[in-house]
Amino acid sequence: MKDPETSMPSNFIRNIIEEDLKTNRHQGRVATRFPPEPNGYLHIGHAKSICLNFGLAADYNGTCNLRFDDTNPSKEDTEYVESIETDVRWLGFDWEDRLYYASDYFEKFHEYAVDLIKASKAYVCSLSPDQIREYRGTLTEPGKNSPFRNRSVEENLALFERMRAGEIDEGACVLRAKIDMASANLNLRDPVIFRIKHEAHHRTGSRWCIYPMYDYAHCISDALEGITHSICTLEFEDHRPLYDWCLDQLNVPCHPQQIEFARLNLSYTIMSKRKLLKLVQSGLVNGWDDPRMPTISGMRRRGYTPVSIRNFCERIGVAKRDSVVDLALLEYCVREDLNKIAPRVMAVLNPLRVVIENYPEDRVEMLDAVNNPEDPSMGIRQVPFSRVLFIEQDDFMEDPPKKYFRLAPGQEVRLRYAYYITCVNVIKNEAGDIVELRCVYDPESRGGTTADGRKVRGTLHWVSARHSISAEVRLYDRLFNRENPDAGGADFTEHLNPRSLEVLTECRMEPSLGAVEPGSRYQFERLGYFCAEPVEFSKDRPVFNRTVTLKDSWARIAQKG
RNA sequence: UGGGGCGUCGUCAAGCGGUAAGACACAGGAUUUUGGUUCCUGCAUCCGGAGGUUCGAAUCCUCCCGCCCCAGCCA
């Protein structure tokens, strides 16, 4: 996928751009834009578009604008524009001074509409919404001309002026482009380009009561900004003739080329803004930034890094065929980054008390532990060891299967960076639950090795009971238990994974974890990558979110039996 | 049944007439004080199907099949 000379991934959009550059099609410029509608939070699918648009600009020495496509006041809000700016910046992209709003062009849109009317290319149609639909025809039958299609320029101008002045009710009339009611492309059957909405806009307030439609506003916005390559998703392919038609009628600065690519689909995930909104509004998740959400803010809160998301977006490629990317690739990308940068630390999620019988009651040793074996520059730290410890409940089995090389009666294991221990007794309560393990340690094994060089297969993480802090850990898993939550007719909410969040409140951790920065990321050895809860973490109540587990080949072996 | 797209490994995805890249996943093996990481090895005689053109086709032509999108005064 990489071109050996440039080391850039190859895709059809790059091919188009390179061809355009070669033929000097846009005066050798590359100008893209990311044009979100501020009606929801950005998700991983938007990240694909952001990486594409900003990435192309960066690679071809061009520019990428951030433009809010805010032409529908009923759905949009400043809360969303703020979150979008935050998320794009967090992903690592910079629009410099090129922050635009379609609403800044409202006056222009109006002027161009007047031009269209004067050229008899647009008319005010007084059909009702229902009638417009009837007149539009169907997929297989042509539409009929509106009875208002041949109003005079003067009448249209006057009516359009009255629309703008607020003298006409919503729905009573619209401005339509005069194209071809018999076109096989429904988008060309005299599309509405301005509608009346007596509604305040989050930026223009009550200055306007007519608002432009997407097809009309988007192409003009692109042209006004000097965009060369207007990249959008596949469903707009049918709209391209309209995009081109508008620009061809108008005296605009340039004519950008629209290029469509397939939007991202991810297994076990939904990407529709409407459905994500439903999850939020119904309380099925805790807001747009719930760590289970595929939103940028949710992933940030979950512990994902910008680097990992950018790498993911590069690896999935760009093409025109509908596809569903395996969630495993996303997880691979976070692990890859976190493996390099996350300090290792020991935390016990489900503590099991271990008493080292031959270790002195009052003794405490500070043992050296490596912060990151992948990066020696991250140094070492000291962890306290004492007679009473906690290990993971999963790391002990009274009657272990073959190939289980963790702790079991009579079986020797290594406590990471500490000593070899052997279990000599198992203490249970009346219910038969294991409540404590009695072990003995080998004083000669300090640090985790012995002079005799004997092999110990299992290495466990642990924490000194007396020195550990207690903390809450939120184990996040995929939100849906179906690869395609939308398949099979049933409502997608029926496929929610009931175990997408498990909260553990009795976890015990290395003391240093009590005072870390919210949002900071760690590898809990042998368990996974976790981050200090970005908004709720406090010294009084440490909370960690699991970003992703470590690969667990033991789980695979154990499952096979 | 109209129009617009798309069909290459389980999942993404290069390839643009010269004889199927890469990544993830998966399966083996080596190293390992994380059953993590790393490292080897394997994994499409075949490119939706059938014909045709050609010395030669995933790439060109023809027909067929399948999937996606379009009938908002949403974007």
Side-chain angles (χ1 to χ4, degrees), chain A residues 1-4 9-11 15 35-37 39 69 71-72 74-75 125 127-129 132-134 136-143 170-176 183-189 191-197 211 213-215 217-218 232-241 260 262 267 273-274 314-333 335-336 339-340 344 346 369-370 373-374 403-406 414-418 420 445 447-449 456-461 523-528 549-558:
Chain A
M1 214 165 114
K2 297 261 187 181
D3 178 325
S10 152
N11 66 50
N15 293 344
E37 181 187 15
N39 68 343
D69 211 344
T71 57
N72 184 355
S74 14
K75 292 187 174 179
C125 179
L127 250 22
S128 71
I132 286 186
R133 191 179 335 108
E134 284 163 26
R136 187 157 29 225
T138 69
L139 293 178
T140 51
E141 302 158 44
E170 270 185 44
C173 60
V174 291
L175 185 69
R176 291 228 251 169
S183 173
N185 182 342
L186 300 258
N187 295 117
L188 263 18
R189 319 243 261 226
V192 173
I193 59 179
F194 263 99
R195 79 287 216 183
I196 298 169
K197 273 178 181 280
Y211 294 92
M213 297 290 288
Y214 167 86
D215 289 303
H218 203 91
C232 62
T233 42
L234 252 28
E235 67 273 26
F236 292 104
E237 210 146 20
D238 283 344
H239 296 237
R240 188 171 0 122
E260 311 84 12
S267 58
K273 271 197 202 177
R274 203 200 92 238
E314 186 167 308
R315 282 185 171 117
I316 56 177
V318 180
K320 295 197 68 156
R321 71 182 83 105
D322 291 313
S323 60
V324 182
V325 174
D326 193 340
L327 221 211
L329 180 60
L330 216 210
E331 297 186 334
Y332 170 84
C333 291
R335 291 191 185 107
E336 178 189 43
N339 177 49
K340 286 186 278 199
R344 275 53 284 225
M346 291 196 284
V370 175
E374 304 296 316
K403 289 192 284 191
Y404 181 87
F405 35 87
R406 278 118 98 144
R414 170 168 40 234
L415 292 180
R416 181 140 232 232
Y417 302 125
Y420 292 173
S445 64
T449 52
V456 172
R457 288 301 301 274
T459 299
L460 312 185
H461 61 280
Q523 183 197 99
F524 288 0
E525 292 217 38
R526 303 209 305 132
L527 298 173
T549 61
L550 249 29
K551 265 177 61 181
D552 189 354
S553 50
W554 165 242
R556 193 180 301 280
I557 295 166

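Per chain, numbering begins at 1; letters A, B, ... match sequence-line order.
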G18(B) and A50(B), which share atom name C1', separated by this distance in whole Å | 24 Å
Which value, in whole Å, describes the distance between the P atoms of nucleotides U8(B) and U45(B)?
-> 15 Å
Phe236(A) has an atom CZ; how far is it from atom P of G72(B), in whole Å?
-> 15 Å
Rounded to the Å, how far apart are Glu237(A) CD and G5(B) P?
-> 6 Å
Find out whether Trp554(A) and Arg406(A) are in side-chain contact, i.e. whether some heavy atom of one side chain is under 4.5 Å from a heavy atom of the other.
-> yes
G17(B) versus A71(B) - spacing of their P atoms, nearest Å | 38 Å
Is there any protein nitrogen or oxygen under 3.5 Å from a nitrogen or oxygen in nucleotides 34-39 of chain B, and what are the pairs?
{"residue": "U34(B)", "atom": "O2", "partner": "Gln523(A)", "partner atom": "OE1", "Å": "2.8"}
{"residue": "U34(B)", "atom": "O2", "partner": "Arg526(A)", "partner atom": "N", "Å": "3.0"}
{"residue": "U34(B)", "atom": "N3", "partner": "Gln523(A)", "partner atom": "OE1", "Å": "2.7"}
{"residue": "U34(B)", "atom": "O4", "partner": "Arg344(A)", "partner atom": "NH1", "Å": "2.3"}
{"residue": "G35(B)", "atom": "OP1", "partner": "Arg526(A)", "partner atom": "NH1", "Å": "3.0"}
{"residue": "G35(B)", "atom": "O3'", "partner": "Ser553(A)", "partner atom": "OG", "Å": "3.3"}
{"residue": "G35(B)", "atom": "O2'", "partner": "Ser553(A)", "partner atom": "OG", "Å": "2.0"}
{"residue": "G35(B)", "atom": "O2'", "partner": "Trp554(A)", "partner atom": "N", "Å": "3.3"}
{"residue": "G35(B)", "atom": "N7", "partner": "Arg406(A)", "partner atom": "NH1", "Å": "2.5"}
{"residue": "G35(B)", "atom": "O6", "partner": "Phe405(A)", "partner atom": "N", "Å": "3.2"}
{"residue": "G35(B)", "atom": "N1", "partner": "Lys403(A)", "partner atom": "O", "Å": "2.7"}
{"residue": "G35(B)", "atom": "N2", "partner": "Lys403(A)", "partner atom": "O", "Å": "3.0"}
{"residue": "G36(B)", "atom": "OP1", "partner": "Ser553(A)", "partner atom": "OG", "Å": "2.7"}
{"residue": "G36(B)", "atom": "N2", "partner": "Glu374(A)", "partner atom": "OE2", "Å": "2.7"}
{"residue": "U37(B)", "atom": "O2'", "partner": "Asn339(A)", "partner atom": "ND2", "Å": "3.1"}
{"residue": "U37(B)", "atom": "O2'", "partner": "Glu374(A)", "partner atom": "OE1", "Å": "3.1"}
{"residue": "U37(B)", "atom": "O2'", "partner": "Glu374(A)", "partner atom": "OE2", "Å": "3.2"}

Distance test, side-chain N/O of Thr71(A) to OP1/OP2 of A75(B), below 4.0 Å | yes
How is Asp238(A) classified with respect to the nucleic acid when contacts are heavy atoms under 4.0 Å: base, sugar-phosphate, or nothing?
-> base
Is there a donor-acceptor pair closer than 3.5 Å between any side-chain N or O of Thr233(A) and the backbone N or O of Glu235(A)?
-> no
If you pin Glu170(A) and Asn185(A) to their nearest nucleotides in RNA chain B, which one's is more 5'?
-> Asn185(A)
Backbone N/O of Thr549(A) and side chain of Arg335(A): donor-acceptor pair under 3.5 Å | yes
Output the single nucleotide from C69(B), A71(B), C6(B) whose closest atom is nearest the side chain of Lys320(A).
-> C6(B)
5′-ward residue of the pair Ala418(A)/Asn72(A) relative to RNA chain B = Ala418(A)
Here the distance between atom C1' of A75(B) and atom CD1 of Ile193(A), to the nearest Å, is 17 Å
Run the side-chain donor-acceptor check on residues 317-333 of chain A: report pairs under 3.5 Å with partners two or more places apart or on a different chain.
{"residue": "Lys320(A)", "atom": "NZ", "partner": "Glu237(A)", "partner atom": "OE2", "Å": "2.3"}
{"residue": "Asp326(A)", "atom": "OD1", "partner": "Ala328(A)", "partner atom": "N", "Å": "3.0"}

For C46(B) versus A20(B), give the span between their C1' atoms, rounded off to a whole number of Å.
-> 7 Å
Look at all strands and tell whether Leu127(A) reaches a base, only sugar-phosphate, or nothing, counting heavy atoms closer than 4.0 Å.
-> base
With side chains defined as the heavy atoms from C-beta onward, is the minimum distance between Glu374(A) and Arg344(A) less than 4.5 Å?
-> yes
Determine the contact category for His218(A): base if any of its heavy atoms lies under 4.0 Å from a base atom, sugar-phosphate if only primed atoms, P, OP1 or OP2 are that close, otherwise nothing.
-> nothing
Hey, is the side chain of Arg240(A) poking within less than 4.0 Å of OP1 or OP2 on G4(B), counting only N and O atoms?
-> no
Separation between the P atoms of G56(B) and G51(B), rounded to whole Å | 16 Å
C12(B) C1' sits how many Å from Leu329(A) CG, rounded?
-> 7 Å
Annotated protein contacts, base or backbone, on nucleotides 15-20 of chain B with a non-hydrogen cut-off under 4.0 Å, one of B, S, - each | SB----
Determine the contact category for Leu415(A): base if any of its heavy atoms lies under 4.0 Å from a base atom, sugar-phosphate if only primed atoms, P, OP1 or OP2 are that close, otherwise nothing.
-> nothing
Shortest side-chain distance from Leu186(A), nucleotide among A71(B), A75(B), C68(B) = A71(B)
Using the C1' atom on both, measure A13(B) against G4(B) and round to a whole Å.
-> 24 Å
Nearest-angstrom distance from the residue atom CD of Glu235(A) to C1' of C6(B) | 14 Å
Ignoring hydrogens and angles, state whether a donor on the side chain of Arg414(A) or Thr459(A) is under 3.5 Å from an acceptor on the partner side chain.
-> yes
Between Asn72(A) and Arg195(A), is any pair of side-chain heavy atoms under 4.5 Å apart?
-> yes
What form does the base of G48(B) take, syn (within 90° of 0) or anti?
-> anti
Roughly how many Å is it from CG in Leu234(A) to P in C70(B), rounded to a whole number?
-> 11 Å
Write down the distance separating the P atoms in U37(B) and A23(B), rounded off to the nearest Å.
-> 16 Å
With a 3.5 angstrom cut-off on both distances, give the Watson-Crick or G-U wobble partner of C39(B), or none if there isn't one.
-> G29(B)
Could you go step by step and tell me if Leu550(A) and Gln523(A) meet the side-chain contact (heavy atoms from CB on, under 4.5 Å) rule?
-> CA-CA 9 Å; Leu550(A) 249 29; Gln523(A) 183 197 99; 3.9 Å; yes
Pairwise side-chain contact, Met213(A) with Pro191(A), heavy-atom cut-off 4.5 Å (strictly under) | no
Is any side-chain nitrogen or oxygen of Arg556(A) closer than 4.0 Å to OP1 or OP2 of C26(B)?
-> yes
For C12(B) versus G7(B), give the span between their C1' atoms, rounded off to a whole number of Å.
-> 14 Å
Looking at every strand, decide which applies to Tyr211(A) at a 4.0 Å heavy-atom threshold: base, sugar-phosphate, or nothing.
-> nothing
For Val324(A), report the nucleic acid contact type (base, sugar-phosphate, nothing); a contact means any heavy atom under 4.0 Å.
-> sugar-phosphate
Identify whether any heavy atom of Val174(A) sits under 4.0 Å from a base atom; if not, whether one sits that close to sugar-phosphate; answer base, sugar-phosphate or nothing.
-> base
Quick one: do Glu260(A) and Arg240(A) make a salt bridge, cutoff under 4.0 Å?
-> yes
Nucleotide nearest Lys197(A) (side chain, heavy atoms from C-beta), chosen from G4(B), C74(B), A71(B) = C74(B)
Choose from C73(B), C68(B), C69(B) the nucleotide whose nearest atom is closest to any side-chain atom of Met213(A).
-> C73(B)
Separation of A23(B) P from Arg315(A) CZ (nearest whole Å) | 10 Å
For C6(B), the nucleotide meeting Watson-Crick or G-U wobble distances (both under 3.5 Å) is G66(B)
Counting only side-chain N and O atoms of Ser323(A), is one of them less than 4.0 Å from OP1 or OP2 of A13(B)?
-> yes
In whole angstrom, give the distance that lies between atom CG of Asn39(A) and atom P of C74(B).
-> 13 Å
